[in-house]
Structures are given as structure tokens and as C-alpha cells.
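Both counts, for ligands and for their atoms, begin at 1 and track the order of listing.
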Amino acid sequence: MPSVYEETYRRAQDEPLDFWAAAAEPLFWHRRWDTVRDDANPPFYRWFAGGRLNTCYNCLDRHVERGRGKQLALIYDSPVTGTVRRFTFNELRDEVARVAGALAAQGVEAGDRVIIYMPMVPEAVIGMLACARIGAVHSVVFGGFAPKELAARIDDAQPKLILSASCGIEVDRVVPYKPLLDAAIELSSHKPERAIILQRPEAEAPLVDGRDLDWHAACDGAEPADCVPVAATDPLYILYTSGTTGVPKGVVRDNGGHAVALHWSMEHVYGAGAGEVYWAASDIGWVVGHSYIVYGPLLRGATTILYEGKPVGTPDPGAFWRVIEDHGVNVLFTAPTAFRAIKKEDPDGAFMRNRDLSRFRTLFLAGERSDPDTLLWAGDRLGVPVIDHWWQTETSWAIAANCVGLGTLPVKPGSPTRAVPGYDVRVLGEDGNEMPAGQIGALVVKLPLPPGCLPTLWNNDDGYRQSYLSRYPGFYLTGDAGYQDEDGYLYIMSRVDDIINVAGHRLSTGAMEEVLAFHPDVAECAVVGVADAIKGEIPVGFVVTKAGVTRGADEIVPELIERVRASIGPVAAFKTAALVPRLPKTRSGKILRGTVKKIADGQPYTTPATIDDPAILDEITDALRGLGYPKSAG
Ligand code: COA
Ligand code: AMP
């Protein structure tokens, strides 16, 4: 007999329109859709075309009207400021309505863009929901990005207004945000009319006359705004993610398909119910934060946790267990890197022992490959199922998972289990044919994608086709390589492009190479992601200097590090580089990044037959030794 998962998967494959129409029923629609999926203009599919709804209404007002008003909607827990703030659905709805009113008073209307560049404070979540309430399109930019990256997003999204704060707090370090915002607006060609700034007591920021408003002055007395029904196909947000070049891609999220998919996922992927406590320990700047700090739990009527801290150091590796106990967390979602950091500081799990974790039921990991060691360590120490699942900014929810709400399947460490209902995942070879079980190929999803996935890139239909749909016509290219075993379990092994995954953050080595190449002493360069015990991967630079340059690594490397930090941001974690006489290339000039990575990781490699000069690999091996690689070589 097929399992519940298998039966559900089959239904989503065979009758997708009925399947997703049923999933849309629990939400409130101001107008019902005309067609569940509009296939008229492939490859641009539109979910719930003709329907009108409001995502904020479904996250807040719907629950208030159905009697959940006094239940907690949001708990802000900030060990870095020693603060806990709680908002019921009533309170959060009222706050959001006021901020939405303040945005409207500044002329922000449905379809206008609002950039949110804020730390992990409740006002950031309130700002996102306030945009959704009036149909404005938010674009949240992660605080660890430098002004140049923020400027690129301002120019692409062309926001009418920016929401920001005076500072963020990184463990015990105050990071002023306002100077970064000012520098970004200075750099950008598009100039937003208005910025609303939350002044935090840790660092007050001077406001620019005529442009900046104080958050409380602008919002506290504002006339509350009602929800504006928008088309299901209208954009809810744009979220920029690293592409294969230095130019970020603006992933568009619609309102209707997104609300339906996320609502469905809360019950069936995560097994989380209304009234339960759900914690995604991520940042609102990433897709995990959008989907599972903000929209997913609130659509479901669950309580969500907004945590302004780290897994370690705020103040110790017991931080996660303290939050789980204090707020009765049922489900935790984080990146494996957080657990590697905890495991390093508290290998025996001593910090868990005096905590009441009795309400904690399931741990979900995503954002990077879950190494079996970390997965098993977490499961052994916590005594709860640890579920690896695979997804990306583009999809907004899991492509593959062990769907807890559909009956947990046996776990195979190293695999995020099987395709989630709605996703038809295939493994294709170079020639476009499906690979046999066990053999690595490109991981693709057969079109049309399920609801929730990107309908296009912001103002860039061509880029959408080129980046995702042109390599294998009829299929969406995930950018990941991997294989499927005989039982249909997927294994995600690596990227097929230049993206690396640093502490669960997706970064382009190409973007870092662009920065290094601008240094006046650099002739050519390569950046390669090498294995790191905590962050999964970290970037390492290899630089060939121009003829005649006499300065050495001791002078040039710190400058390169500073340039990447200033240009991309601290989040790139670019801290290691070496000067080398030559880069290893094929005869056609392609840099052999894969081989360099294997040398750095201490893995066996074969000298590629197409290499220009095999002796270059010895030079690279020497350079890596100088940097302490491979790590296991002692
Ligand atoms: N604003 C400003 N700077 C920020 C920032 C923000 N919002 N977030 C990170 N940074 C800075 C950090 O201070 C650090 O700077 P440094 O080089 O001066 O120390 C740098 O960016 C890298 O940050 P991070 O990747 O967080 O590394 P870390 O060494 O501070 O912490 C972990 C390592 C594993 C504890 C951390 O990455 C973590 O908690 N990860 C959890 C998983 C996660 O959030 N994944 C996201 C997707 S699910
Ligand atoms: P992002 O868009 O930043 O969420 O990053 C998505 C990328 O992270 C994916 O394309 C994968 O490369 C990687 N990733 C996410 N989850 C997993 C997982 N469970 N296993 C392996 N890789 C993952």
C-alpha cells in the first residue's frame, strides 16, 4: 500500500489543479481565482490567476477575526540587547496597520517598492507586513552586505521609500547601519524620496533633512491602513540572490501561489499547527527568514520567534536551548552551520541538560548540505527527529524533504529525502537524458513549477529564461548537482555554477573575483570555495600579480581582504588569499577550480589531461600548504 506521502505526491502530480485549489481553500480570498494555473504563456505560468487576496490579511486579520487575537503571534528575543517583546495577533495587526498607514501617508501605493535594510528587530517584520497590507512590494536586504551591494539593489528595485535602523548588533559589537545606507544612496543612481529610520539606543544616527524621518514620529500617530486586495499574481516581494556574475538576481514572489504553498508546507512539511511555536533561527534578509520567520508561521496561525543573536557567543552554546525552553518552541529550523558551531563549543551537549526541551518535537536543517556527522550528533543529543530539507531562494519552500505532516519516511543521512509533492525532480546528464539511479547529474524540476516558486526575475523575463530555463528546455535548472537512489531519495552534492555556500549564505565567487581583479596589482585571479569545519565552505583567493609588482603578500593580501569586505560585505567571510605565479588552466583557458578545491580539501584528484602545464598544480599545492591546507594534513 502506498504511504500517505506517496499517495499525496501522486495526487499532486496527477491532478495538480485540484490539489492546489484544495490547498487554497483555507485562505481568505477577496475574489476567487478564474483558473488555478494559467498556462497561456509558457514558460511563464501564473497561479490563481484572476484571484484577489491580501497576504497580510491572511497572516493577521484572518486569525483575529477567527478568535486568535489574544494568542501570541510574534516573540522577539534579543540576547544582544537583553530584550524580550511579545505581540499578540491583535497587537501585531494594530502595529502593522499603523506602519502601513505611515507608508501610505508618504505616498507609498500598491506596486511601489520599499527596501528594508534592518537588523532583526520587530519593526523589520512589521515593515514587511505593512508593505503587504497596502500591496507595496518589499525588498529586504541583509544587513551584512556593503553599501555597493545595497546600491545595486536600490537601482534595480527603484524603491520609493526605505525602511532602516540606526544600527545592528553583532554579538557585542554595534554595527552602524545608517552610514552604510547613506553611502549606498550616494552610490545609487536612483534616489528614494524618503527613508524612515528606527533609532536604536545603542547608536543614534543623524537624519538627513528633507529625506529621513524618525520611525516613531512617522508611525506612532499614523492613521491605521486597511488591507488592500491585490491580484494573486501581483508581486509580494523581491529578494535578491547571488547569480553567477556579480549582478544579483531579483527573485519575484507572487501573493497567491506563495500564500497557498507556505500555508500548505507548514502543516505537511513541518507538521506545525496553529497555536504552536515555530522558530526559524535565520535572518529576515534570507529566504528562510521571509518564508519561515514571517509568512509561513503567521499564515498558519502559529507563534513565530524573531531571534536577534547567534547560536554561540550570545552568551554561550546553550542559547538555542534557552530560547526553546523560555518560549516553548515546538519546531526549530536552522542551518547545519549553527549546529557545527554549537557542537564545536559544547561537544557533549552539556548546555542542553538543565533545560526543559519537552515541547521541542522536530529539528529541520537546510541552507547547505547537512553532513551526516552533524545530523547524527544533533539527533543523538536532542532525541528528536532531525530533518534535512533542500530548497532555495527561488522556490521559497522545500523541493525535497521528509514531510513530517505526511508521515515521516526512514532517514538516510546525507539525503534531504524525496521530492515534496508538487515538485517533479529529475537528474539530467549533459545530453539532457535522465541519469540512472546513483549517477550524478544536474538537478532540475519539470515545468510548471508548483505555487510559491518564482514566476520570473524582477523586470527581467529574459534573465529568468536564460538563468533557469534555457539549459534544459521544459525544465527549471536548480543550479545544484546530485543524484537519486533506487528509492527516489535525492542527494545534493554541489553547485554546477560558481556559487559557494558560506555558513548557509549563498555567495558568488565570480563576484569576489570581480573585486580582486580591480586591485591595481592584480593581473588575474580565482576564488575557490574550500571546506571549512564550521561554515561548510569559505572562499580562498589565488592571485597573480602584474609584471613588475614588487610588493608581497603581506601588503597585498590585507588590501584584497579589505576590498571584498568593503565591496560585498563582511558576510562574504573572505579572509584568506595567496599570491601564486600562475593559475591552473585548461589549454582553452578555463581555470581548474574543481582541481584546486580538491587539493585544498585534501581529496584525491587526477591531473586533468587538458591542463596547460601540470607543474602549476605543484605551485598551487605549495601555496595552499602555506595557508594551512589541507587542514587534515596537520
Ligand atoms: N549585519 C552586519 N554584519 C553582519 C550581519 C548583519 N546582519 N550578519 C553577519 N555579519 C557579519 C558578522 O559580524 C561577521 O563579521 P566579521 O567577519 O567581522 O566577524 C561576518 O558578517 C560573517 O558573519 P556570519 O556568517 O554570521 O559568521 P560568524 O562567524 O559571525 O558566525 C555562525 C558563524 C555559524 C555562528 C553564523 O553564521 C550563524 O549563526 N549561522 C546560522 C545560520 C544562518 O543564519 N543561516 C542563514 C540561512 S538559513
Ligand atoms: P539560498 O538560495 O541562499 O537559500 O541557497 C540555496 C542553495 O543552498 C541551494 O541551491 C543548494 O546549493 C544549497 N542548499 C540548500 N539546502 C540544502 C540541503 N538541504 N542540502 C544541500 N544543499 C542545500
Side-chain ([X]) to main-chain ([Y]) donor-acceptor, under 3.5 angstrom:
X      : Y      : value
Thr337 : Ile534 : yes
Asp498 : Gly510 : yes
Ser467 : Gly463 : yes

Distance, nearest 0.5 Å, that separates CG of Leu363 from CH2 of Trp279: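 Separation between the atoms: 10.5 Å.
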What does the contact table look like for ligand 2 (nitrogen or oxygen on each side, cut-off under 3.5 Å)?
unit_1, atom_1, unit_2, atom_2, d
ligand 2, 2 (O), Thr393, N, 2.8
ligand 2, 2 (O), Thr393, OG1, 2.5
ligand 2, 2 (O), Arg506, NH1, 2.7
ligand 2, 8 (O), Gly367, O, 3.3
ligand 2, 8 (O), Asn501, ND2, 3.2
ligand 2, 10 (O), Gln392, NE2, 3.0
ligand 2, 10 (O), Asp480, OD1, 3.3
ligand 2, 10 (O), Asp480, OD2, 2.7
ligand 2, 10 (O), Arg495, NH1, 2.8
ligand 2, 12 (O), Asp480, OD1, 2.6
ligand 2, 12 (O), Asp480, OD2, 3.4
ligand 2, 16 (N), Gly367, N, 3.1
ligand 2, 19 (N), Asp388, OD1, 2.8
ligand 2, 19 (N), His389, O, 2.7
ligand 2, 20 (N), Glu368, O, 3.3

Quick check: does [X] get an N/O under 3.5 Å from an N/O on ligand 1?
X      : value
Lys310 : yes
Glu170 : yes
Tyr177 : yes
Thr334 : no

In terms of atom number and element, which parts of ligand 1 are under 4.0 angstrom from non-hydrogen atoms of [X]?
X      : value
Gly504 : 47 (C)
Ala503 : 25 (O), 37 (O), 45 (N)
Thr337 : 34 (C), 40 (N), 42 (C)
His505 : 25 (O), 46 (C)

For residues 437-455, which side-chain N or O atoms pair as donor and acceptor with protein atoms under 3.5 Å away, sequence neighbours left out?
none

By ring-ring contact (aromatic ring centres under 6.0 Å, His included) - contacts of Phe339 (at least two apart):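 Testing Phe339 for ring-ring contact (aromatic ring centres under 6.0 Å, His included), a comparison that skips the adjacent residues, returns Trp321.
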Any idea which part of Arg565 is under 4.0 Å from ligand 1, heavy-atom wise: side chain, backbone, both or neither?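 It is the side chain that gets close, since no backbone atom is under 4.0 Å.
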Using residues 172-188 as the side-chain source, report each donor-acceptor pair under 3.5 Å to any protein atom, sequence neighbours left out, with the distance given to one decimal.
unit_1, atom_1, unit_2, atom_2, d
Lys178, NZ, Asp182, OD1, 3.2
Lys178, NZ, Asp182, OD2, 3.3
Lys178, NZ, Pro206, O, 3.0
Lys178, NZ, Asp212, OD2, 2.8
Asp182, OD1, Arg211, NH2, 2.7
Ser188, OG, Ala184, O, 3.4
Ser188, OG, Ile185, O, 3.2
Ser188, OG, His190, O, 2.8

